[in-house]
Amino acid sequence: MPELPEVEVVRRGLEAHVIGRRIVQVEVRHPRPVRRHLAGADDFAALLTDRLLVGARRRGKYLWMPLDSGDAVLAHLGRSGQLLVQPARAPDERHLRVRFSLGHAAGPGPTGLELRFVDQRMFGGLSVSPGGAELPPEIAHIARDPMDPLFDDDLFVRRTRRRASGIKRILLDQTVVSGVGNIYADEALWRAQLHGDRLGTRLRPTELRRVLAAAREVMAAALREGGTSFDALYVNVNGESGYFDRSLHVYGREGRPCDRCGTAIRRVAFMNRSSYFCPRCQPPPRVRRASATGSGTVPV
DNA sequence: CATAGATCCTGTATGC
DNA sequence: TGCATACAGGATCTAT
């Protein structure tokens with residue numbers, strides 16, 4: 001569920017409600033979300049107990065919270081993860097996986113506040129990154145995101161044009177550009193009027209800059225809408241939030257008319273999920289028969 | 001090396 | 001009603 005805007009909203013919520021608090025107790029209720037912490041759940045809990053949370057940072061769809069120990073709690077929400085700040089008396093969520101009981105920076109006592117990792121499908125997870133306060137080495141391979149002031153547009157164009165993959169697949173490759181997921185990839189491609197199967201090697205720099213600009217627009221709009229709902233004592237990302245629904249032009253709109261030209265939106269299978277596009281505004285690349293071997297076709 | 005596809009997990013919606 | 005299948009907003013491992 002969460003792409004860059006949703007994760008950024010969570011980060012802001014953490015920044016507002018969790019920074020400066022001490023972790024007084026950690027309860028791992030399901031082993032899977034801490035699977036990337038190779039030393040195990042007990043070690044995970046031990047490294048975090050009594051530590052002070054000093055920040056909330058993000059790279060693409062990854063979040064991390066630096067600790068006073070110099071380590072960091074590294075988090076990824078996967079497809080269904082949530083980080084919630086809740087009063088301790090709030091009933092446990094059905095898919096509550098990890099509970100952090102929080103206290104004051106100074107004293108040992110609990111504040112009655114908890115940080116909860118809730119995740120139905122458990123593709124997401126938590127780990128402790130040793131010395132990862134500045135940038136966890138585990139995510140050093142993740143590129144900057146298009147909203148990052150240090151994002152390098154020229155580098156993105158150069159790297160994309162070296163790839164013989166469809167532009168949609170490239171947009172989803174977090175080592176090329178981070179934060180873009182299935183929805184915003186489709187939305188950005190619709191805005192840029194490019195089909196997702198167009199090969200990176202065959203796209204012009206202007207076309208790629210158009211995609212980047214479109215991705216920024218879509219994300220900025222989502223951030224504007226989602227950014228208002230984290231004020232409560234509650235680090236947002238309400239599962240199915242739905243706040244972005246209104247502004248979607250293609251995603252989930254199979255058969256409905258394109259907002260630009262009226263043609264019916266198409267849906268095709270893509271990487272075990274779906275791609276949506278307007279067949280007129282985003283014409284698919286021509287397909288020619290592969291030469292000598294004659295085994296199948298390649299988009300040109 | 002680069003790339004496409006399979007895979008982890010749980011739940012809900014839909015069709016027969 | 002029961003059962004099977006498709007699908008869900010991600011990242012990574014594996015095969016080619």
Side-chain angles (χ1 to χ4, degrees), chain A residues 1-10 29-36 38 58-63 74-82 93-97 117-127 136 138-143 145 159-190 196-197 199-202 215 218-219 221-223 225-226 236-254 267-276 290 293 295-299:
Chain A
M1 147 232 163
E3 302 183 33
L4 183 152
E6 293 77 26
V7 179
E8 174 60 16
V9 168
V10 172
R29 306 178 85 239
H30 196 297
R32 183 160 173 83
V34 297
R35 66 194 177 284
R36 306 208 80 97
L38 300 181
R58 183 182 61 75
R59 179 101 159 197
K61 302 170 196 167
Y62 279 92
L63 288 166
L74 182 61
H76 196 291
L77 302 178
R79 290 232 274 237
S80 56
Q82 300 170 259
E93 292 76 10
R94 170 135 86 127
H95 302 294
L96 175 61
R97 307 303 189 188
F117 182 73
V118 177
D119 190 1
Q120 179 210 119
R121 295 169 68 193
M122 297 186 290
F123 287 161
L126 306 173
S127 63
E138 295 90 337
I139 58 170
H141 63 293
I142 303 291
D145 67 69
R159 294 194 61 190
T160 299
R161 297 187 78 214
R162 269 190 252 127
R163 295 217 173 199
S165 295
I167 180 62
K168 175 160 180 184
R169 194 172 177 124
I170 298 171
L171 288 175
L172 295 180
D173 184 337
Q174 306 295 302
T175 68
V176 176
V177 51
S178 71
V180 182
N182 200 40
I183 291 181
Y184 296 125
D186 278 1
E187 292 297 315
L189 289 169
W190 180 83
D197 288 343
L199 299 184
T201 46
R202 308 197 51 120
V218 174
M219 288 177 170
L223 210 41
E225 296 183 51
N236 184 14
V237 177
N238 264 345
E240 330 300 318
S241 62
Y243 60 73
F244 46 77
D245 286 356
R246 282 156 299 181
S247 41
L248 295 183
H249 290 287
V250 278
Y251 190 83
R253 295 174 43 97
E254 181 181 22
R267 179 176 78 86
V268 296
F270 176 79
M271 288 173 83
N272 279 336
R273 53 193 115 154
S274 299
S275 283
Y276 298 87
T293 63
S295 60
T297 56
V298 299

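Checked against salt bridge (charged side-chain N to carboxylate O under 4.0 Å, His left out), A:E8 has the following partners two or more places apart in sequence or in another chain: A:R11, A:R12, A:R58. Residues passing the salt bridge (charged side-chain N to carboxylate O under 4.0 Å, His left out) test with A:E93 are A:R116, sequence neighbours excluded. Applying the ring-ring contact (aromatic ring centres under 6.0 Å, His included) criterion to A:Y62, with sequence neighbours excluded, gives A:H76. The salt bridge (charged side-chain N to carboxylate O under 4.0 Å, His left out) check on A:R161 picks up nothing, with sequence neighbours excluded. Residues passing the side chain to side chain contact (heavy atoms under 4.5 Å, CB included) test with A:F123 are A:R79, A:R121, sequence neighbours excluded. Residues forming a side chain to side chain contact (heavy atoms under 4.5 Å, CB included) with A:R32 (at least two apart in sequence, or on another chain): A:H30, A:R35, A:M122. With sequence neighbours excluded, no residue forms a ring-ring contact (aromatic ring centres under 6.0 Å, His included) with A:F117.
The distance from atom CD of A:E138 to atom C1' of C:dT12 is 15 Å, rounded to the nearest whole Å. Distance, A:R35 CZ to C:dG10 P: 15 Å, rounded to whole Å. In this structure, the CG atom of A:L38 is 14 Å from the C1' atom of C:dT12, given to the nearest Å.
Within the nucleic acid shown, A:H141 comes within 4.0 Å of sugar-phosphate atoms alone, with no base atom in reach, counting heavy atoms only.
For the P atom pair drawn from C:dT14 and B:dC9, the interatomic distance equals 15 Å after rounding to whole Å. With P as the reference atom, C:dA6 and B:dA6 are 14 Å apart, rounded to whole Å.
Residue A:Y62 places at least one side-chain N or O closer than 4.0 Å to OP1 or OP2 of C:dT12.
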Scan the side chains in residues 174-182 of chain A for donor-acceptor partners under 3.5 Å anywhere in the protein, sequence neighbours excluded, and list what turns up.
{"from": "A:Q174", "atom 1": "OE1", "to": "A:G179", "atom 2": "N", "distance (Å)": "2.9"}
{"from": "A:Q174", "atom 1": "NE2", "to": "A:L172", "atom 2": "O", "distance (Å)": "3.2"}
{"from": "A:Q174", "atom 1": "NE2", "to": "A:V180", "atom 2": "O", "distance (Å)": "3.1"}
{"from": "A:T175", "atom 1": "OG1", "to": "A:D173", "atom 2": "OD1", "distance (Å)": "2.7"}
{"from": "A:S178", "atom 1": "OG", "to": "A:A143", "atom 2": "O", "distance (Å)": "2.8"}
{"from": "A:S178", "atom 1": "OG", "to": "A:R144", "atom 2": "O", "distance (Å)": "3.4"}
{"from": "A:S178", "atom 1": "OG", "to": "A:D145", "atom 2": "N", "distance (Å)": "3.3"}
{"from": "A:N182", "atom 1": "OD1", "to": "A:K168", "atom 2": "NZ", "distance (Å)": "2.6"}
{"from": "A:N182", "atom 1": "ND2", "to": "A:S274", "atom 2": "O", "distance (Å)": "3.0"}

- [ ] Starting at the 5' end of DNA chain C, write a dot or bracket for each base, bracketing those in Watson-Crick or G-U wobble pairs whose two distances are under 3.5 Å and using | for partners on another strand.
- [x] .|||||||.|||||||
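To the nearest 0.5 Å, the span separating CD on A:E187 from CG on A:L189 amounts to 9.5 Å. Atoms OG1 and CZ, from A:T201 and A:R162 in turn, are 12.5 Å apart once rounded to the nearest 0.5 Å.
The shortest heavy-atom contact between A:I170 and A:G200 is CD1-CA, 3.8 Å.
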- [ ] Apply the test side-chain contact (heavy atoms from CB on, under 4.5 Å) to residues A:H95 and A:D119: give CA-CA distance (whole Å), side-chain angles for both, the deciding distance (0.1 Å), then the verdict.
- [x] CA-CA 6 Å; A:H95 302 294; A:D119 190 1; 5.8 Å; no
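Shown for residues 269-276 of chain A: residues whose heavy atoms fall under 4.0 angstrom of DNA chain C, namely A:R273, A:S274, A:Y276. Within residues 165-181 of chain A, the residues having any heavy atom closer than 4.0 Å to DNA chain C are, in order of number, A:Q174, A:G181.
Checked by atom type and distance alone, the side chain of A:E3 never pairs as donor or acceptor with a backbone atom of A:K61 at under 3.5 Å.
For DNA chain B, the outermost nucleotides in 5' to 3' order that have an atom under 4.0 Å from a heavy atom of chain A are B:dT3 to B:dT12.
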